Each structure stands twice: as structure tokens, then as C-alpha cells.
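Every number for a ligand or one of its atoms is a count from 1 in the order of the listing. Since this is a predicted model, take the numbers as computed values, not measurements.
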Amino acid sequence: MTARVYRKTMKIGLCGFGVVGQGVWKHLNQRRRELDKRLGVSLEIARIAVRDPAKERKLPLPRKLVTTDPFSIAVDPEIPIVCELMGGTDVAREITLTALRAGKIVVTANKALLSEFGPEIFEAARTGGGHILFEASVGGGIPIIKALREGLVANRFRLIYGILNGTCNYILTRMENEDLNYTDVLADAKRLGYAEADESLDVDGWDSAHKASILAFLAHGTWVRLEDIGVDGIRRISPSDFAFARSFGLRIKLLSVIARNFESNDLSVSVRPMLLPERLVLANVNEVYNGICVAGDVVGTTLYIGRGAGQDATASAVIGDLADAALVLLGGKSPLLPDDAPSIVSGEEDRLRITLPENQESRFYLRLTVKDASGVLARVSASMASNRVSIASVLQSESDLPDCASLILTTHRTNEKAIQDTANDLKAMSVVVEDPVLLQIAEFED
Ligand code: NAP
Ligand code: HSE
């Protein structure tokens with residue numbers, strides 16, 4: 001049987017041949033026949049940009065396609081689809097804007113770029129007649145962008161929360177199961193291709209914040225600036241926190257929370273390690289997996305779980321976008337997007353207000369390393385009382401530091417600002433020898 005020859009070939013310029021770029025190359029080539037058949041058009045990687053062609057790679061670079069100039073791809077009239085998989089926000093931004101202004105379709109996995117320059121990029125797409133597709137930017141292989149953009153378009157979203165960083169979930173899972181420190185596990189996350197080139201983006205919570213701002217844009221039509229997101233990472237979590245959490249029937253997860261109050265028209269976005277009751281599905285989403293819970297007012301709660309990082313999962317999302325790009329070029333529908341006119345205004349009641357979640361009430365877990373001396377517990381509880389924080393339980397155990405003890409306290413429901421003030425007061429006390437570790441005990445239902 002002779003292979004069917006497709007009338008049209010759509011050329012793709014691949015900017016980046018690292019973890020994700022190589023995955024796209026590999027899987028696109030493996031699935032070429034099926035994809036061509038389904039799309040009725042042939043997707044062809046016509047050029048590949050890298051920084052250093054001599055670099056050793058797992059997959060050999062197809063030499064005749066290589067350039068070190070990604071701009072030559074962005075401006076090439078023969079290449080309608082530019083796949084930006086370089087990372088960073090300097091050259092990647094220029095390439096993306098150049099391609100969009102030339103009316104091209106840009107497929108990107110770059111959440112930092114979208115989060116920091118979203119308004120400029122979407123404006124360039126609108127004015128230049130291009131399109132931006134970004135399924136791989138959030139949730140790895142989970143099609144969460146498509147779900148929010150298309151499948152759930154009938155809904156308003158009171159709450160979206162979840163595990164958005166595969167590296168941190170991998171680290172937390174192995175720390176919990178194998179009693180390891182986070183630095184021991186981080187090296188493995190890097191080797192497996194999960195971590196960002198700058199791993200602090202992962203472990204300090206910024207990668208999750210980038211992704212949360214993209215989800216907030218899709219759900220609420222506004223770009224929340226990074227400085228308006230309460231961000232905390234996982235560096236301070238120690239093996240002892242897992243042991244204590246377990247004794248309370250809780251698990252530690254780095255959670256991103258996007259909460260909208262439709263009465264007051266407030267929107268808050270936060271990223272921080274939280275304690276989750278172990279009966280919840282998300283508490284059992286482990287390793288590199290992400291889990292996202294979306295509460296829509298029409299559909300109810302929907303939950304999405306899948307690999308959140310790594311070559312194959314990410315390539316799956318990118319190739320999905322490449323297929324959509326081909327369909328757009330064939331005259332199909334362009335991607336649905338919210339009206340993203342800037343609407344971040346304080347004090348205007350009819351406009352969406354971005355707030356920090358400090359007025360919310362919750363229970364908290366507080367771990368203190370204190371001098372093991374008489375009267376210390378009394379001083380700690382006096383500080384909590386003066387901030388009107390009510391203690392639910394106290395546990396004292398040995399500390400690794402000489403002449404010190406660990407104090408683990410849980411609180412009754414309390415205002416977030418009150419517990420933050422308490423933590424700051426405690427931090428200033430001479431008997432408290434390390435910065436307190438403060439974790440919210442989540443009260444989600446699903
Ligand atoms: P990576 O392994 O570091 O690969 C980056 C690639 O871009 C390399 O091939 C590099 O060339 C090339 N590159 C960088 N700057 C360039 C420049 N100025 N000109 C030409 N080429 C340049 O990164 P990655 O893990 O594939 O991630 C790529 C993007 O996907 C990032 O935005 C990341 O946040 C996102 N992402 C990654 C994952 C994941 O699991 N890894 C998942 C979702 C999204 P050389 O090879 O010559 O250095
Ligand atoms: N470094 C990111 C993570 C890659 O670990 O989730 C996927 O976006």
C-alpha cells in the first residue's frame with residue numbers, strides 16, 4: 001500500500017531542543033502518520049534553534065535543520081508555527097512577540113513568560129493577527145487550559161486549587177516516604193528533567209505562582225501580578241514536619257489557591273505549603289503528578305490529575321497545541337479566550353479587586369525551635385493569646401540543635417493576619433532560635 005501524500009505541509013520552527021523540545025521531536029516523529037491522517041495535513045519540523053549545537057544530547061540534533069538564531073525562525077515567512085521551548089523571559093519574549101506580530105501561531109510551554117508578560121503577549125496576538133497556545137504551561141500533560149478555556153466555558157469559578165509544580169510534589173513525596181532532606185531529592189528531580197533551569201523557581205513557589213496566574217486569567221479574565229500573589233515555597237519543610245503531619249492525619253502539599261468572592265468581587269491567589277487531610281484525593285496525588293480541583297457553579301467540582309512535568313507529559317501537551325495550530329491554519333476556530341481588558345483596580349466596588357488572603361480564617365500548624373528552658377512555653381502561649389490566637393494542641397519533642405526543643409502547635413480557626421503577626425512576634429523572641437514554620441491546615445471538601 002502506498003502512503004497517502006497530504007496536500008499541505010505545515011512547517012514548525014522549534015526554538016529549543018532541550019528536555020521538552022526533544023520530547024516534541026521524538027513523539028511528533030513517532031505519531032506522524034496518525035496525526036497527519038487525523039489532521040489531513042502534515043506537521044513538519046522545518047528548523048530547530050539551539051544555543052550550542054555542539055552540546056551532547058540524549059537525542060542527536062538533526063544537523064541540517066539547526067540554527068543558533070531563533071529570530072530567523074520567528075521572521076521566516078515559510079514557517080507559520082513557532083514553538084517556543086527555550087524558557088526564560090528575554091529572548092523568548094522577543095521571539096514570541098516578533099512571531100505574533102507577524103501573524104504566526106506561537107505554541108509555548110513558558111509559564112514565566114506568560115505570567116510576567118501576558119497582557120503584552122495577548123495584545124501582540126490580537127493586533128498582529130497571531131495566536132498563542134499554551135497548554136503545556138500549566139499542569140504538564142493535563143489538558144487544564146483547554147478545560148477552562150473551552151469545556152467549562154459555562155461556569156464561573158469560586159475556587160480553583162491544586163498542586164501545580166511537579167518538582168515540589170516529587171520532592172515532598174520522597175521526603176515523606178524516604179525521610180530525606182529536600183536537597184537530596186532535588187538532584188533527582190533535575191536529572192529526571194522536572195526542574196526549571198533555575199530550580200529556585202520551583203522550590204520557592206514562583207513556578208506555581210506563574211501557573212496560578214495563568215489559570216486565574218483564564219477563569220477570571222484578569223492578569224494577577226506576581227507581587228499580588230502570596231508566595232511561599234518548600235525550603236523550610238523538614239522531615240520532622242511530615243512525621244508530625246502524619247500523627248495528625250495530614251499530608252503536606254504545595255498548593256496554589258485561586259479564590260473568587262463574587263459578592264465582594266475579590267480575587268486572591270496564593271501559593272504555599274499546606275496541610276491536607278489524608279482522606280482528600282489531592283492529599284494522595286504524589287510524585288511528579290499534579291492535581292487541580294476546579295469548582296464551577298454550573299458543573300460542580302471537577303478534578304484533573306496527571307503528570308505535571310517531564311519530557312513526555314509536556315510533549316503531549318505541546319503536540320496537542322501544534323495540532324490545534326494546524327486546525328486554525330486550515331480555517332478552524334481560533335482559541336477561546338476571556339476578555340482580558342486590564343481590570344486590576346482597588347477601591348472600585350464594581351471592578352474585580354485583587355486581595356491577599358489575609359482576612360480568611362483557617363486552622364494553622366506552627367513549628368518552633370526554642371531554647372529548652374523553663375518559662376518558654378508560657379512566653380509562646382502569651383504571644384499567641386495577645387494576638388487572639390487560640391491554641392488547639394501542643395506537642396514538645398527533641399530538636400537536632402543542642403539545648404533546644406521543637407514545639408508543634410496547632411490552632412483553632414483564626415484569622416490569617418493574626419497568626420502571621422504571632423509568627424513575627426515569636427521570630428523576634430530570643431528564645432525562638434529559628435524562623436517559625438507556619439502551615440495552613442486546609443479545609444477543602446474535595
Ligand atoms: P531546557 O532543557 O533547558 O531546554 C532549553 C532549550 O532552549 C535548549 O535546547 C537550549 O539550547 C535552547 N535555548 C535556550 N536559549 C536559547 C537561545 N537564546 N537561542 C537558541 N536556543 C536557546 O528546558 P526545558 O526543560 O526543555 O524547558 C523549556 C520550556 O518549557 C521552559 O519554558 C520550561 O519552563 C517549560 N516547561 C518545562 C517542563 C519540564 O518538565 N521540563 C514542563 C513544562 C514546561 P541548548 O540545548 O543549546 O542549551
Ligand atoms: N518545573 C516544572 C514543574 C515543570 O516541576 O512543575 C513543569 O511545568
Exercise. Distance only, no hydrogens: is a donor on one side chain within 3.5 Å (strictly under) of an acceptor on the other, for D266 and N261?
Worked result: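 The criterion, which ignores hydrogens and geometry beyond distance, is not satisfied for N261 and D266.
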Exercise. Is there a donor-acceptor contact under 3.5 Å linking the side chains of T183 and N181?
Worked result: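 Result is no, nothing qualifies.
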Exercise. Under 4.0 Å from any heavy atom of N165, which atoms of ligand 2 are there?
Worked result: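 With N165 as reference, the close atoms of ligand 2 come out as 2 (C), 3 (C), 5 (O), 6 (O).
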Exercise. With a cut-off of 4.0 Å, which atoms of ligand 2 are near a heavy atom of K211?
Worked result: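 Listed by number with element, the hits are 2 (C), 3 (C), 6 (O), 7 (C), 8 (O).
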Exercise. How does D207 reach ligand 2, if at all, at less than 4.0 Å between non-hydrogen atoms: by side chain, backbone, both, or neither?
Worked result: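 Side chain only.
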Exercise. Side chain, backbone, both or neither: which part of D202 comes within less than 4.0 Å of ligand 2 when only heavy atoms are counted?
Worked result: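 Near ligand 2, D202 shows its side chain, while the N, CA, C and O stay back.
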Exercise. Can you find an N or O of S137 that's nearer than 3.5 Å to an N or O of ligand 2?
Worked result: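 There is no such contact.
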For this session: Report yes if A195 has an N/O atom closer than 3.5 Å to an N/O atom of ligand 2; otherwise report no.
Result: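 N/O-N/O distance below 3.5 Å does not exist for this pair.
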For this session: Taking only heavy atoms of the protein into account, state which residues are under 4.0 angstrom from an atom of ligand 1, in chain and number order.
Result: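 These residues qualify: G16, F17, G18, V19, V20, A49, V50, R51, D52, K55, R57, P70, L85, M86, G87, V91, A109, N110, K111, A136, G193, E196, A309, G310, T314.
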Exercise. Would a distance-only check, ignoring hydrogens and angles, find a side-chain to backbone donor-acceptor pair under 3.5 Å from K253 to L275?
Worked result: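 Checking the backbone N and O of L275 against the side chain of K253, no donor-acceptor pair under 3.5 Å is found.
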Problem set entry | E135 side chain to I145 backbone, donor-acceptor under 3.5 Å |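 Answer holds: yes.
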When you measure from [atom] to every protein heavy atom, which one gives the shortest distance, and what is it?
atom                   : result
atom 2 (C) of ligand 2 : E196 OE2, 3.2 Å
atom 6 (O) of ligand 2 : G166 N, 2.7 Å
atom 8 (O) of ligand 2 : K111 NZ, 2.5 Å
atom 7 (C) of ligand 2 : G308 O, 3.3 Å
atom 5 (O) of ligand 2 : T167 OG1, 2.6 Å

[X] atom [atom1], over 12 foreign heavy atoms within 6.0 Å:
X    : atom1 : result
R307 : CZ    : no
D52  : CG    : yes
R236 : CZ    : yes

For this session: Could you check whether the rings of W223 and F122 sit parallel, tilted or perpendicular, using 30° and 60° as the cut-offs?
Result: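 Rings of W223 and F122: tilted, as their planes differ by 30° to 60°.
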For this session: Could you tell me if the ring centre of F157 sits under 6.0 Å from that of F262?
Result: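 Aromatic pair excluded; centres sit 6.0 Å or further apart.
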Problem set entry | Min side-chain heavy-atom separation C293-I160 under 4.5 Å |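 Of all side-chain heavy-atom pairs linking I160 with C293, none is under 4.5 Å.
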Problem set entry | Option passing salt bridge (Lys or Arg N to Asp or Glu O under 4.0 Å) with R235 (candidates D202, D435, D204) |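 Passing option: D204.
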